[in-house]
Amino acid sequence: MDTSYTLLKGKWSTVMSEKYPRAIFWFSNDLRIHDNPALRQASVQAEQLICVFCLDSGWEKPQAYGVQRLGEHRRRFLYETLLELHTHLQAKGQSLLVLDGKPIEQLAELIITQRVDAVFRSHNVGVYEQLQWQRLQESFPQLAFHEYSTHTLFEQTQALSAEASLEQSFSQFRKRMSDQEAEDPIAPIKMLPPPVAPSSYLNLRLPTTPVMTLRLRGGESRGLRQARHYFSTSAPDRYRETRNHLDDVLASTRLSPWLANGSLSVRQLALMLDYYEQVHGANESTRWIYSELLWREYFQWYAQVHGKKLFRFSGIGDSAPLTTFYPQRFKSWCEGATPWPIVNACMNQLNKTGYMSNRGRQIVASALVNELELDWRCGAAYFEQQLIDYDVASNWANWQYIAGVGADPRGGRHFNLEKQAAEHDPEGEFIQRWGKGRVVEKVDSVDAVDWPLE
Ligand SMILES: Cc1cc2nc3c(=O)[nH]c(=O)nc-3n(C[C@H](O)[C@H](O)[C@H](O)COP(=O)(O)OP(=O)(O)OC[C@H]3O[C@@H](n4cnc5c(N)ncnc54)[C@H](O)[C@@H]3O)c2cc1C
């Protein structure tokens with residue numbers, strides 16, 4: 001029978017649907033087999049399927065502020081994820097084609113040369129990713145295009161109000177969503193349609209250099225393992241007290257890297273949390289974890305609603321901050337060579353591992369905006385390069401929040417760095433572990449016209 005899964009009254013149901021002789025499944029922020037409704041839909045509608053991931057050549061080029069979009073840690077994490085995805089696809093009779101170049105050009109060529117009838121993908125809230133989707137549809141009006149939400153707890157119709165608008169503050173959003181049930185994960189996919197020509201399009205170019213200091217490794221099974229491990233401990237019961245720790249592996253879930261590239265489904269995670277609460281009882285800590293998932297959710301829809309404003313200096317408001325771009329100060333911040341040991345230690349942790357705790361991110365972001373008086377966007381761009389859990393919505397919206405140009409009704413965050421160090425690293429262990437860096441006494445070592453200061 002010709003069947004497919006669709007969202008009916010909030011649940012996935014089986015309905016009749018059209019078959020396509022050849023389709024593309026375009027992986028992006030959904031690098032998994034488990035709970036992937038978009039892939040499931042492609043698997044029931046396509047007779048032959050080409051599974052594709054596009055390595056965007058633009059990620060390698062230096063962007064504004066002299067940073068790349070895809071730094072070394074993030075690239076490794078992504079490649080490890082792709083490698084595992086390829087293995088998982090092979091177990092389902094498929095394989096992964098990794099295209100290298102400009103996504104639209106690469107996909108267009110594939111559509112033409114392989115005579116494709118339909119393209120499936122997961123919805124992506126990133127404005128450029130949406131633009132790519134739109135361009136592809138405009139270039140191939142005769143093709144069928146199907147998109148499904150797999151990166152969020154809720155469907156767009158649940159998360160956004162009737163006018164497709166979003167509450168101005170997170171607390172209003174949380175209040176509205178508190179009685180809504182997140183979508184359940186779907187059943188595992190047993191088999192995928194065969195590939196078009198496996199030997200000719202298998203093209204997985206992964207790095208051959210060994211992984212060095214990276215402690216969190218990419219891949220769907222590692223993400224699921226980390227989630228199972230976290231919920232097999234009593235750590236969730238203490239989350240509220242521990243979540244601000246700078247360096248303790250069980251202080252928070254540490255699941256953001258897998259959630260960010262979609263190798264872990266957020267709906268699967270919510271179900272695991274729910275199960276933990278059923279077995280051990282819900283408390284303030286476990287509810288707080290869910291609240292963090294709602295923050296993530298809020299920022300996803302925030303990115304969707306605000307589009308290009310996510311990257312604008314004045315954010316979603318009209319007035320730009322009184323900060324600017326000082327290359328020397330920015331360099332010092334990136335290198336962990338500021339007058340504040342706590343900032344330097346956090347930046348060293350980021351530079352060495354690609355990860356930093358939420359508290360650490362707030363501290364270094366506040367220092368960049370308030371102490372160094374830098375354009376918040378250069379900090380966001382550096383995080384984009386470095387973070388293994390980089391997510392367009394979570395990153396840029398959190399930076400806007402700290403800079404006071406985003407969803408914060410209180411207008412930005414300014415942390416007292418000494419107080420933060422005393423509160424979150426009272427014995428100085430974190431600073432000792434990651435190094436206080438080259439602590440400089442002055443913010444500037446060169447003046448505005450690049451003369452070294454006395
Ligand atoms: C300046 C700045 C930039 C950030 N950039 C990113 C980013 O690029 N990607 C990213 O995933 N998170 C980002 N965050 C949010 C947060 O710091 C990380 O999600 C968190 O530290 C990840 O660790 P965890 O998985 O242990 O989180 P937990 O504390 O265990 O939280 C569980 C999950 O909830 C979500 N979450 C928690 N806090 C937030 C938040 N403030 N905003 C959005 N989602 C949240 C994450 O998916 C996280 O994995 C940023 C925060 C700041 C202040």
Side-chain angles (χ1 to χ4, degrees), residues 29 69 71 73-74 77 125-126 151-153 170 173-174 215-216 223 226-227 229-231 233 235-236 238-270 272-273 285-303 310 333 343 346-347 349-350 353-369 376-408 412-413 415 420:
N29 61 353
R69 290 189 61 198
H73 294 305
R74 222 180 115 209
F77 195 86
V125 295
H151 200 58
T152 48
L153 287 170
F170 169 68
F173 174 76
R174 184 175 51 189
R215 288 145 79 232
L216 300 177
Q226 167 76 6
H229 171 64
Y230 180 73
F231 289 110
T233 70
R238 298 187 300 276
Y239 177 82
R240 185 168 172 262
E241 291 79 45
T242 58
R243 71 194 179 91
N244 275 318
H245 290 185
L246 294 171
D247 209 13
D248 170 2
V249 282
L250 284 177
S252 60
T253 66
R254 292 288 196 275
L255 290 170
S256 53
W258 296 280
L259 286 173
N261 71 17
S263 46
L264 177 65
S265 150
V266 68
R267 296 174 188 177
Q268 190 73 43
L269 173 58
M272 288 165 115
L273 174 62
S285 279
T286 58
R287 287 294 78 204
W288 205 298
I289 297 174
Y290 189 68
S291 179
E292 296 300 347
L293 295 182
L294 282 184
W295 264 114
R296 176 183 179 277
E297 188 78 11
Y298 178 66
F299 284 146
Q300 292 297 318
W301 298 111
Y302 176 98
L310 196 64
W333 179 83
V343 172
C346 287
M347 294 305 291
Q349 183 190 30
L350 174 68
T353 67
Y355 181 83
M356 193 195 295
S357 69
N358 185 55
R359 176 57 52 173
R361 294 178 205 204
Q362 291 175 327
I363 291 171
V364 302
S366 173
L368 180 132
V369 172
W376 64 271
R377 294 172 303 172
C378 61
Y382 190 67
F383 269 27
E384 175 168 352
Q385 174 183 282
Q386 295 297 92
L387 282 174
I388 53 171
D389 67 11
Y390 170 73
D391 175 283
V392 62
S394 295
N395 186 57
W396 291 80
N398 268 294
W399 272 96
Q400 289 198 344
Y401 188 87
I402 303 267
V405 295
D408 184 3
R413 287 286 185 279
F415 292 93
Q420 289 293 315

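Positions are given from 1 along the sequence. Order of appearance sets the numbers: ligands from 1, and atoms from 1 within every ligand. Below, each value reflects all heavy atoms present in this structure, side chains not excepted, and no hydrogens, waters or symmetry copies.
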Short N or O distance, [X] and ligand 1, threshold 3.5 Å exclusive:
X      : value
Ser252 : yes
Tyr390 : no
Ser357 : no
Ala365 : no
Tyr239 : yes
Thr253 : yes

Any Arg243 heavy atom less than 4.0 Å from ligand 1: no
Considering the heavy atoms of [X], write down every atom of ligand 1 situated less than 4.0 Å from one of them.
X      : answer
Leu259 : 47 (O), 49 (O)
Leu293 : 33 (C), 34 (O)
Phe299 : 42 (N), 43 (C)
Asp391 : 7 (C), 8 (O), 9 (N)

Salt-bridge present (Arg238, Asp248; N to O < 4.0 Å): no
Could you find the nearest protein heavy atom to [atom] and give me its residue, atom name and distance?
atom                    : result
atom 11 (O) of ligand 1 : Asp389 O, 3.5 Å
atom 1 (C) of ligand 1  : Trp399 NE1, 3.5 Å
atom 15 (C) of ligand 1 : Asn398 ND2, 3.6 Å
atom 21 (O) of ligand 1 : Asn358 N, 3.3 Å
atom 24 (P) of ligand 1 : Arg254 N, 3.5 Å
atom 23 (O) of ligand 1 : Tyr355 OH, 2.8 Å
atom 19 (O) of ligand 1 : Ser256 CB, 4.0 Å

Check: Arg174 main-chain N/O paired with Glu297 side-chain donor or acceptor under 3.5 Å: no
Main-chain N/O of Val364 paired to Trp333 side chain as donor or acceptor, under 3.5 Å: yes
Classify the contact between [X] and ligand 1 as side chain, backbone, both or neither, using a heavy-atom distance cut-off of under 4.0 Å.
X      : answer
Phe383 : side chain
Leu387 : side chain
Tyr290 : neither

Pair Arg240-Arg287, side-chain contact (heavy atoms from CB on, under 4.5 Å): steps then yes or no: CA-CA 9 Å; Arg240 185 168 172 262; Arg287 287 294 78 204; over 6 Å; no
CG-CH2 distance between Leu216 and Trp258, expressed to the nearest 0.5 angstrom: 4.5 Å
Side-chain donor-acceptor pair present, Gln400, Trp396, cut-off under 3.5 Å: no
Minimal non-hydrogen separation, [X] against [Y], with atom names:
X      : Y      : result
Ala251 : Thr242 : O-OG1, 2.8 Å
Tyr230 : Ser252 : CE1-O, 3.7 Å
Phe415 : Ile402 : CE1-CD1, 4.4 Å
Arg254 : Asp247 : NH2-C, 3.9 Å
Tyr239 : Ser285 : N-OG, 3.3 Å
Thr353 : His73  : N-NE2, 3.7 Å

Which of these, [options], has its nearest heavy atom closest to [atom]?
atom                    : options                        : answer
atom 14 (N) of ligand 1 : Met356, Arg361, Glu297, Arg359 : Arg361
atom 36 (N) of ligand 1 : Gln386, Glu384, Gln400, Glu292 : Glu292
atom 8 (O) of ligand 1  : Leu255, Ile402, Asn395         : Asn395

Side chain to side chain, His151 and Val125, heavy atoms closer than 4.5 Å: no
Plane angle bin for Phe299 and Trp295 - parallel if under 30°, tilted between 30 and 60°, otherwise perpendicular: tilted
